[in-house]
Structures are given as structure tokens and as C-alpha cells.
**Student:** 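Starting off with a structure, shown below.
Throughout, numbering of the chain's residues begins at 1 and tracks the sequence.
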Amino acid sequence: MKARFDFSRAAPDAFAAVLALDTYVREGSGLDHRLIHLVKIRASQINGCAYCVDMHVKEARKDALGEQWINLISVWQESPVFDARDRAVLAWTEALTNIAQTRAPDADFEPLRAFFSEADITRLSVAIGTINVWNRLAVGFRAQHGVDAAEKAA
């Protein structure tokens, strides 16, 4: 697969706007960074965005999140690694990422209320929307992730 073009250079103003929203999610939303990692990795997996999965898995490792935790995000429903709060976030991430099919059902929304205020549910939803924007740009324009030196040697 070949990159179509560098969208950040094609429309730097649009890139800056999405980056500003991402900066808000990471630095201004007050959301737990562990949850932000969950959202970014899971939405990127669903959307088939290799560029974003590669980036966000590396960021999660850098933030000292465990290998087992990272590796099992794609199968969270079958793993006891994730607590009830994680599960509520993952279900909501899946519901919003697949909104055309799910219509954001009450069954995925209501569990959030046990852990988050309405303001934080809104912030979490913004985080989910933001990674979905990045995924659509990266997948749509075929952004290519780098290949680590260890992978090149294998």
C-alpha cells in the first residue's frame, strides 16, 4: 500500500485544528491517560488504522502500561484484565466508533454513569470522536507507519 499524500502538508490549517482537539483531549480534558490509551487503541483497531495502532501502542508502552493489557484490548470482552470502568469505556468507544450500526445504545451508555459525570462522558465522547477523525485521515490517505529496526532485521 502506498501513501496517497501527506494530508498535514496539503491542508495545514485542517491538520492544526484536529491537532488542537487532540491536544485538548490529552492535556486539557482531565481524562485519565490510561483511558485515553484505551480509546485510541480500540478505535484504531476497529477502524483498521495500522498507523494509529502502531503509534498508540508505543505511547501506551512509554506510559508503562503492561504488555498483557495492551495485547488484550482487541479482545477485552473475554479478558479479566479490564475492570468495570475500562469495560464501560471500551463499550462506549465501540458504540460511537460504529455508530451507524449501533446507534449508541442505552446498554453501552448507562454503565458510564457509574464512573463518570456528564461532563466527563462528554469529554470521553470527544476523545472517541477525535481518534476517529485521525483514523479517517490516516486510513483515507494511506498514512504509513514506520518499521522498527528489529522488524527490519527479522
**Student:** When you measure from the side chain of Asp6 to the backbone of Ser8, do you find a donor-acceptor pair of N or O atoms at a distance under 3.5 Å?
**Tutor:**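 Between the backbone of Ser8 and the side chain of Asp6 there is a qualifying donor-acceptor contact (under 3.5 Å).
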
**Student:** Give a yes or no on whether the ring-centroid distance for Trp134 and Phe15 is below 6.0 angstrom.
**Tutor:**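 Yes; Phe15 has its ring centre under 6.0 Å from that of Trp134.
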
**Student:** Look up atom OG in Ser29 and atom CD1 in Ile36, then write down how far apart they are to the nearest 0.5 Å.
**Tutor:**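 Going from the OG atom of Ser29 to the CD1 atom of Ile36 covers 4.5 Å.
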
**Student:** I'd like to check the side chain to side chain contact (heavy atoms under 4.5 Å, CB included) partners of Arg136; sequence neighbours left out, ordered by chain and number.
**Tutor:**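 Side chain to side chain contact (heavy atoms under 4.5 Å, CB included) check on Arg136 returns Asn47, Asn132.
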
**Student:** Mind listing the closest non-hydrogen atom pair of Phe115 and Arg85 along with its distance?
**Tutor:**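 So the two residues come closest at CZ-N, 3.6 Å.
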
**Student:** Flag the pair Lys40 and Asp22 as a salt bridge only when some basic side-chain nitrogen lies within less than 4.0 angstrom of an acidic carboxylate oxygen.
**Tutor:**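 Here Lys40 pairs with Asp22 in a salt bridge, since their nearest N and O are under 4.0 Å apart.
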
**Student:** Could you tell me the separation between the CD1 atom of Ile73 and the CG atom of Leu90, rounded to the nearest 0.5 Å?
**Tutor:**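 CG of Leu90 is found 7.0 Å from CD1 of Ile73.
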
**Student:** Looking at Gly146 and Asp54, what are the two nearest heavy atoms and their distance?
**Tutor:**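 It is O-OD2, 4.2 Å.
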
**Student:** Using a 3.5 Å distance criterion without hydrogens, assess whether the side chain of Gln144 forms a donor-acceptor pair with backbone atoms of Arg142.
**Tutor:**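 Checked: pair present.
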
**Student:** Is there a path of hydrophobic side-chain contacts, each under 4.5 Å between heavy atoms of I, L, V, M, F, W or Y residues, that connects Leu137 with Met1?
**Tutor:**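 Different hydrophobic clusters.
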
**Student:** Hey, does Leu112 have a side-chain heavy atom less than 4.5 Å from the side chain of Phe109?
**Tutor:**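 Phe109 reaches Leu112 side chain to side chain.
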
**Student:** Distance from Ile99 atom CD1 to Arg103 atom CZ, nearest 0.5 Å?
**Tutor:**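 Reported to 0.5 Å precision, the distance equals 6.0 Å.
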
**Student:** Is it the case that more than 12 heavy atoms not belonging to Glu67 sit under 6.0 Å from its CD atom?
**Tutor:**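 For Glu67, atom CD is crowded (more than 12 foreign heavy atoms under 6.0 Å).
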
**Student:** I need the Ile70 CD1 to Gln68 CD distance, nearest 0.5 Å.
**Tutor:**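 Nearest 0.5 Å value for the CD1-CD distance: 11.0 Å.
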
**Student:** Please report the closest heavy-atom contact between Gly48 and Val139, naming both atoms and the distance.
**Tutor:**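 Here Gly48 and Val139 meet closest at O-CG2, 3.9 Å.
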
**Student:** Scan His56, Lys62, Arg61 and name whichever one has a side-chain hydrogen bond (donor to acceptor under 3.5 Å, both in side chains) with Glu59.
**Tutor:**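 Checked His56, Lys62, Arg61 against Glu59; only one passes side-chain hydrogen bond (donor to acceptor under 3.5 Å, both in side chains): His56.
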
**Student:** Holding to side chain to side chain contact (heavy atoms under 4.5 Å, CB included), I want the full list of residues that pass it with Val53, two or more places apart in sequence or in another chain.
**Tutor:**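 Applying side chain to side chain contact (heavy atoms under 4.5 Å, CB included) to Val53 gives Ser44, Gln45, Val57.
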
**Student:** Just grab all the side chain to side chain donor-acceptor pair (under 3.5 Å) pairs involving residues 74-83, residues at least two apart or on different chains.
**Tutor:**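 As it turns out, the side chain to side chain donor-acceptor pair (under 3.5 Å) pairs with a partner in residues 74-83, which skip direct neighbours, are Trp76-Glu94.
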
**Student:** Report yes if the side chains of Leu38 and Thr93 come closer than 4.5 Å at any heavy-atom pair, otherwise no.
**Tutor:**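 Answer no - side chains too far apart.
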
**Student:** At what distance, to the nearest 0.5 angstrom, does OH of Tyr51 lie from CG of Asn135?
**Tutor:**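 These two atoms lie 12.0 Å from each other.
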
**Student:** Between Ala43 and Ile131, which heavy-atom pair has the shortest distance, and what is it?
**Tutor:**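 Taking Ala43 first and Ile131 second, the nearest heavy atoms are CB-CG2, 3.6 Å.
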
**Student:** Are Val39 and Val25 close enough that some pair of their side-chain heavy atoms sits under 4.5 Å apart?
**Tutor:**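 Counting from C-beta outward, Val39 and Val25 never come under 4.5 Å.
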
**Student:** Does the distance from a Lys or Arg side-chain N to an Asp or Glu carboxylate O, for Glu110 and Arg113, drop under 4.0 Å?
**Tutor:**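 Answer for the salt bridge query: yes.
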
**Student:** Distance check, rounded to the nearest 0.5 Å: Leu35 atom CG versus Arg123 atom CZ?
**Tutor:**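 Here the interatomic distance stands at 13.5 Å.
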
**Student:** Begin with the C-alpha distance, continue with both residues' side-chain angles, and end with the deciding distance and a verdict on side chain to side chain donor-acceptor pair (under 3.5 Å) for Asp63 and His33.
**Tutor:** CA-CA 9 Å; Asp63 284 350; His33 284 120; 5.7 Å; no

**Student:** Which class fits the ring pair Trp69 and Phe82: parallel under 30°, tilted 30 to 60°, perpendicular over 60°?
**Tutor:**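 Plane angle between 30° and 60°, so tilted.
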
